[in-house]
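On a predicted model such as this, the values are computed, not experimentally measured, just so you know. Naming convention: chains lettered A, B, ... in sequence-line order (proteins, then strands); numbering from 1 in each chain. Computation of the quantities below employed the complete heavy-atom set of this structure, encompassing side-chain atoms and omitting hydrogens, waters and symmetry-equivalent molecules.
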Number of protein chains: 2
Amino acid sequence: MTMDKASDRSLSQTVKAQLALRELVLRGALNPGERVSELQMVERLGVSRTPVRMALVRLEEEGLLEAIPSGGFAVKAFSEKEVFVSIEIRGTLEGLAARLAAEHGASRSALLNAAECLDEIDDVIRREMLEVDLSQYVELNARFHRILIDMADSPPLTRQLERASALPFASASALVPVQSRSPELHHILTVAQDQHRCVLTAIERREGSRAEAIMREHARIAHRNLERALSNQRDMDLVPGSALIKRRIRA
Amino acid sequence: MTMDKASDRSLSQTVKAQLALRELVLRGALNPGERVSELQMVERLGVSRTPVRMALVRLEEEGLLEAIPSGGFAVKAFSEKEVFVSIEIRGTLEGLAARLAAEHGASRSALLNAAECLDEIDDVIRREMLEVDLSQYVELNARFHRILIDMADSPPLTRQLERASALPFASASALVPVQSRSPELHHILTVAQDQHRCVLTAIERREGSRAEAIMREHARIAHRNLERALSNQRDMDLVPGSALIKRRIRA
DNA sequence: AGCCCATTGTCTGTATACAACCTGTCTTAG
DNA sequence: CTAAGACAGGTTGTATACAGACAATGGGCT
């Protein structure tokens with residue numbers, strides 16, 4: 001965890017700065033609205049101004065920072081509604097991906113790959129009833145979503161979705177851990193997995209409209225998780241980048 | 001048109017470089033796939049390497065350039081399918097915007113503003129029957145789409161749509177001029193304008209699903225225009241950035 | 001004659017120096 | 001006591017120097 005400084009000599013300084021800076025922002029080390037000083041980051045990240053500047057520009061495009069009119073960048077703050085819409089955007093684009101995959105047909109190998117992924121998720125959910133460890137589910141879930149997007153086979157859509165998922169709390173599995181302490185956990189995972197199976201079936205059968213609708217609804221599970229996280233600070237802490245979300249009431 | 005070089009001393013060098021470089025790419029002055037050399041751009045744009053580099057990064061994020069693995073950037077080439085999907089993405093997101101606007105209600109002033117814009121478009125279409133000058137229509141059309149997006153009042157969605165419309169041939173009115181020589185011109189403008197009116201009505205009546213469907217279909221007019229442009233090189237020349245689109249057959 | 005290796009030229013990645021700008025504070029005049 | 005202006009500190013925007021990497025080319029060896 002603390003070996004980020006000198007490690008990875010192979011990576012370019014720019015990438016190193018980008019990763020480290022994103023980590024800082026997500027961890028909440030910089031306060032929302034606060035200006036991110038280039039020079040401070042120079043001494044904090046151990047690289048010169050040029051890569052820092054590069055990283056700042058890229059993180060702005062990513063949506064984690066926003067440009068200050070007078071120059072420089074500040075940590076962005078997100079309202080509850082903005083998070084909600086970000087999730088809706090992702091769901092809409094994933095819906096589009098599913099529809100395109102259904103309409104022009106997915107490759108046999110991709111379908112098998114996806115089915116295999118779902119079987120593994122089933123295993124994890126079964127085991128989940130004994131010991132709660134969502135990391136595997138989160139990873140497999142992300143993998144399934146990636147397979148689905150690849151099925152659309154449309155680079156521009158992939159790009160847009162990457163961008164939509166760049167906001168940490170908008171990505172496919174960012175809000176899953178929120179439910180880890182919930183008694184509904186198993187219920188929710190079961191429902192989500194059923195949607196996974198349904199959308200895959202719809203794609204196989206070339207039912208584009210259905211595939212799209214399912215993916216949209218699937219993303220709305222994240223809305224529920226968000227709702228829960230906004231109520232309990234304890235659950236909120238499980239979400240990466242939660243420090244960027246403006247709370248409704250300050251306790 | 002030729003006063004871009006030394007003018008606008010107030011603008012930052014980075015912005016100047018970005019605008020000039022985008023112009024070069026869209027004009028087709030750089031061949032798709034070709035590497036964009038920083039030093040060559042330095043002497044071509046009259047600014048130093050730092051702003052050039054900045055502009056390159058931003059144009060990559062915009063989608064006009066792509067990173068070369070070994071370093072640097074190249075002009076991106078788009079397949080017919082990629083253009084098609086880019087249009088579909090824009091339509092989908094505009095559909096989402098219309099639905100959100102309908103569901104949570106648009107402000108009275110925004111609705112009036114939009115209606116006024118549509119009246120102006122009506123005027124232009126009427127005049128269009130005499131003299132063909134689409135520039136006004138293009139501008140008003142863009143304005144209406146912007147008003148619509150603003151009605152959603154969702155910064156993340158606005159951002160994503162800006163990004164989706166960054167590709168020149170994917171934006172709302174980029175492909176309109178394609179029809180300027182077509183006998184169907186008046187027909188198409190009439191249909192498009194009717195969709196404008198319908199979507200506005202749907203938003204007023206809080207018919208979210210309908211508003212969304214209309215905007216999606218509305219964007220598909222661009223598909224038809226694209227089809228036409230791909231057949232006639234003469235029409236293709238009217239589209240900015242057409243040089244980036246890979247032709248199916250090389251004549 | 002063909003292939004491999006070395007060398008050279010050009011490119012990008014990085015660091016840093018300089019200048020213009022904005023901001024906040026302190027002083028001074030009304 | 002207030003308000004306006006000037007100054008100082010720090011910030012970013014820009015330019016340029018340097019080093020490492022990649023690619024192309026030419027010569028030598030087989």
Enquirer: Return the value, rounded to whole Å, for the distance between atom NZ of B:Lys16 and atom C1' of D:dG13.
Expert: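 Between C1' of D:dG13 and NZ of B:Lys16: 13 Å.
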Enquirer: Go through the structure and list residues passing ring-ring contact (aromatic ring centres under 6.0 Å, His included) with B:Tyr137, not counting sequence neighbours.
Expert: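 B:Tyr137 satisfies ring-ring contact (aromatic ring centres under 6.0 Å, His included) with no other residue.
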Enquirer: Tell me every residue that passes ring-ring contact (aromatic ring centres under 6.0 Å, His included) with B:Phe73, counting only those two or more places apart in sequence or in another chain.
Expert: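 Per chain and number, B:Phe73 pairs via ring-ring contact (aromatic ring centres under 6.0 Å, His included) with no residue.
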Enquirer: Test: ring-ring contact (aromatic ring centres under 6.0 Å, His included). Region: residues 159-178 of chain A. Which pairs qualify, not counting sequence neighbours?
Expert: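 Applying ring-ring contact (aromatic ring centres under 6.0 Å, His included) to every pair that reaches into residues 159-178 of chain A, excluding sequence neighbours, yields A:Phe78-A:Phe169.
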Enquirer: Who pairs with B:His223 by ring-ring contact (aromatic ring centres under 6.0 Å, His included), at least two apart in sequence or on another chain?
Expert: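 Per chain and number, B:His223 pairs via ring-ring contact (aromatic ring centres under 6.0 Å, His included) with B:Phe84.
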Enquirer: I'd like to compare against my own output: the B/S/- annotation of nucleotides 8-21 of chain C with a strict under-4.0 Å heavy-atom distance to protein.
Expert: ---SBBBBBB----
Enquirer: Please name all residues satisfying salt bridge (Lys or Arg N to Asp or Glu O under 4.0 Å) with A:Arg159, sequence neighbours left out, ordered by chain then number.
Expert: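 Applying salt bridge (Lys or Arg N to Asp or Glu O under 4.0 Å) to A:Arg159 gives none.
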